[in-house]
Every structure is written in C-alpha cells, then in structure tokens.
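Here's the structure, in structure tokens; my notes come after.
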Amino acid sequence: MLWLLDALERDPGRDQLIDALGRRVRALPLGRVRDILHGTWLGHPVHPMAIHLPIGSWMSAAVLDLKPGRSRQADLLVALGLAGAVPAAATGLTDWAELHREQQRVGLVHAVANTAAVGLYGASLVLRLTGRGRAGRALGYLGLTAVGAGGLLGGHLAYRQAAGVNHAEEVPHVVSDGWHRVGGVDEFPAGEAVRCVVDDVPVLVVRETGGEVHALAERCSHLAGPLSEGTVADGCVQCPWHGSVFRLSDGWNVEGPATAPQPAFDTRVVDGHVEVRLPVEAVPETPYGSDALARTSTDGHRPSK
C-alpha cells in the first residue's frame with residue numbers, strides 16, 4: 001500500500017489538470033473568505049473538522065440500514081451528510097490549491113474518491129425517496145467504501161506528507177534557551193530580510209529603519225517556505241511560496257494560507273551585536289528538566305535523568 005501511495009506522489013500524469021484546477025481555485029474572488037476557509041481564525045485547517053459531519057452522518061446511516069424500520073432516520077442522515085459535504089469540499093479544495101505538487105497529486109485522487117462518494121449518496125437518497133430502499137442502501141454502502149478510500153488518502157496527506165500541519169512547531173523544542181548572538185548590527189540592512197541560524201534552526205532577522213530589530217522562525221509554518229526570500233513591507237513579511245503574511249513584531253499570521261503564527265524571538269543589541277532568544281514562556285519543559293535544552297546544546301549530549 002505504501003509503495004502504491006508513493007507511486008501516486010511521483011506520477012506526473014495529472015499535472016496539467018492540477019495546474020489548471022489550481023489556477024481556477026486561486027483566481028476565485030473570495031477575499032477574506034479564503035482565510036476563513038483555510039482556518040486562520042481557528043489556528044489550524046478547517047477541513048479536518050468539517051469532514052466529521054458527512055462521515056459521521058453516513059456511518060450512522062449505514063448502521064441504521066442494518067436494522068429494519070429505520071429507513072426514515074437513515075434517509076435523513078444521508079441527506080444531512082450530503083449537506084455537510086459542501087463546506088467540507090470547499091475548505092478542502094481551498095487548502096489543496098496551496099500545496100506542494102506531490103501533495104496535490106494525492107489530494108486530487110482524494111477529492112475524486114470523495115466526489116464519487118457524494119454522487120453515490122446522492123443517487124442513494126433519490127432511490128430511497130422514490131421507494132427503492134434496497135437499491136438505495138446498496139449505493140449507500142458503496143458510497144461509504146468510497147469515503148473510506150478517500151479517508152485513507154487524506155490520512156496519507158496529513159501524516160505522511162504533512163499537509164496542513166504547523167511546520168514551525170518544533171522550533172521551541174530545538175532552540176536552547178538563553179541569548180544567541182547572530183551578527184553585528186551592520187550585517188542587517190534596514191528593511192531587509194536576513195537569514196541567520198541558531199542551533200541549526202533558520203531565523204529571519206529584520207532591522208527597521210528606526211533601529212528596532214525583529215526575529216522570527218525563518219521557515220513558514222504553512223509549508224516551510226523561506227521567509228528570508230519573501231517581501232518585507234508594512235511591518236510584515238510575505239512568504240514567497242504561497243503568500244502567507246506574518247507580522248514581524250510577534251509572528252502573527254495576518255493572512256493565510258498559513259493557519260499558525262511564526263515563533264517570534266526576543267531581540268536586543270549588545271556591544272553592536274544583535275542577539276535573539278526565545279521568550280521565556282516559549283521554552284518547553286522536558287522530561288529531563290527545564291534547562292535540559294541548554295545543557296544539551298553545551299555538551300552535545302542529553303543529560304541523564
């Protein structure tokens with residue numbers, strides 16, 4: 001199964017369709033609705049939450065179809081699932097248009113499977129309402145099978161290909177606490193994005209014209225795009241890959257598709273050098289104690305319990 005899924009990622013046969021469909025989705029005049037569909041207001045993608053209504057309704061209908069005398073309740077659940085499929089599809093398609101090509105290849109087949117499920121359940125509902133309940137139930141079980149196939153592909157997207165996850169979440173866990181010198185003030189031209197490295201973690205540093213210095217994790221939380229190659233304007237930085245906009249002062253995601261903010265660093269200038277550190281509240285506790293990261297970075301070994 002894993003070999004088949006990997007082969008699906010590498011197959012370029014549908015790339016022209018993916019390009020055309022992606023352009024159409026990105027060209028839709030959605031305005032701020034696009035960020036709502038992405039889930040910037042929620043802090044993570046809306047799509048995984050939206051799919052619970054159709055899947056739960058159809059699964060419940062399948063159970064009721066096994067019991068005689070429950071046809072009306074099952075019919076209602078099938079209809080409810082069809083209604084819930086609309087926002088689920090809208091959020092999924094909006095997210096899909098902003099993914100890497102390998103993710104889009106799997107996502108397209110995921111969408112085809114779910115579209116087939118919607119078609120089967122739509123036909124099932126028509127048959128149920130016209131007195132052909134047995135045929136309607138049969139199509140319902142076929143629809144549930146298609147939903148299962150779509151769910152398999154969705155799981156591969158999320159857990160193998162990391163679509164929709166926060167690609168900057170690990171930063172507080174790998175950067176040791178305390179101040180880190182990243183360069184002299186002269187190395188940071190005003191208004192320009194400069195990439196530095198702290199504990200092997202890329203960090204974006206921007207010095208404003210007035211002298212204030214900001215530092216964020218440099219890899220975009222959406223899909224790890226290089227923010228140092230992005231555009232700095234109006235106190236924000238825009239990712240060059242998919243257009244997510246983050247506020248330099250605190251890393252907040254002003255515009256999607258990113259749904260998680262960037263980890264922001266405290267900054268200071270000491271003897272003409274810029275230093276950065278994670279905010280104290282951002283340094284995580286570990287099973288080895290609160291200063292484990294600092295000791296690890298000093299001697300290269302995890303301290304013993």
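In the displayed structure, W252 atom CH2 is contacted under 6.0 Å by at most 12 heavy atoms of other residues, nucleotides or ligands. The neighbour count for H52 NE2, taken as heavy atoms of other residues, nucleotides or ligands under 6.0 Å away, does not exceed 12. Other residues, nucleotides and ligands contribute at most 12 non-hydrogen atoms within 6.0 Å of the CZ atom of R24.
Between the side chain of D35 and the backbone N or O of T40, no donor-acceptor pair lies under 3.5 Å. Of the possible polar contacts, one joining the S124 side chain to the G136 backbone as a donor-acceptor pair under 3.5 Å is found. With hydrogens and angles ignored, the 3.5 Å screen pairs no side-chain donor or acceptor of H47 with any backbone N or O of A89. In this structure, the side chain of R219 engages the main chain of A224 through a donor-acceptor pair within 3.5 Å. Although no hydrogens or angles enter the test, the distance criterion places no donor-acceptor pair under 3.5 Å between the side chain of E275 and the main chain of R268.
Using modelled atom types and a 3.5 Å distance limit, the side chains of T231 and Q238 yield no donor-acceptor pair.
Checked against the 6.0 Å centroid threshold, H110 and W96 do not count as a close aromatic pair.
Using a 4.0 Å cut-off between charged side-chain N and carboxylate O, D75 and R72 make no salt bridge. In summary, E9 and R105 do not engage in a salt bridge, as defined by a charged side-chain N under 4.0 Å from a carboxylate O.
When each of T259, T94, N253, D95 is tested with H38 by the rule side chain to side chain donor-acceptor pair (under 3.5 Å), just one qualifies, namely D95. Each of Q73, R128, R137 was compared with D65 under the side chain to side chain donor-acceptor pair (under 3.5 Å) criterion, and only R128 meets it. Considering D177, D250, D266 as possible partners of P279, the one that fulfils the side chain to side chain contact (heavy atoms under 4.5 Å, CB included) test is D266.
Here the side chains of V205 and V213 are in contact, with some heavy-atom distance below 4.5 Å.
Counting all heavy atoms, side chain and backbone alike, S244 lies closest to H222 at OG-CB, 4.2 Å.
Classification of the Y121-W58 ring pair by plane angle, with boundaries at 30° and 60°, yields parallel.
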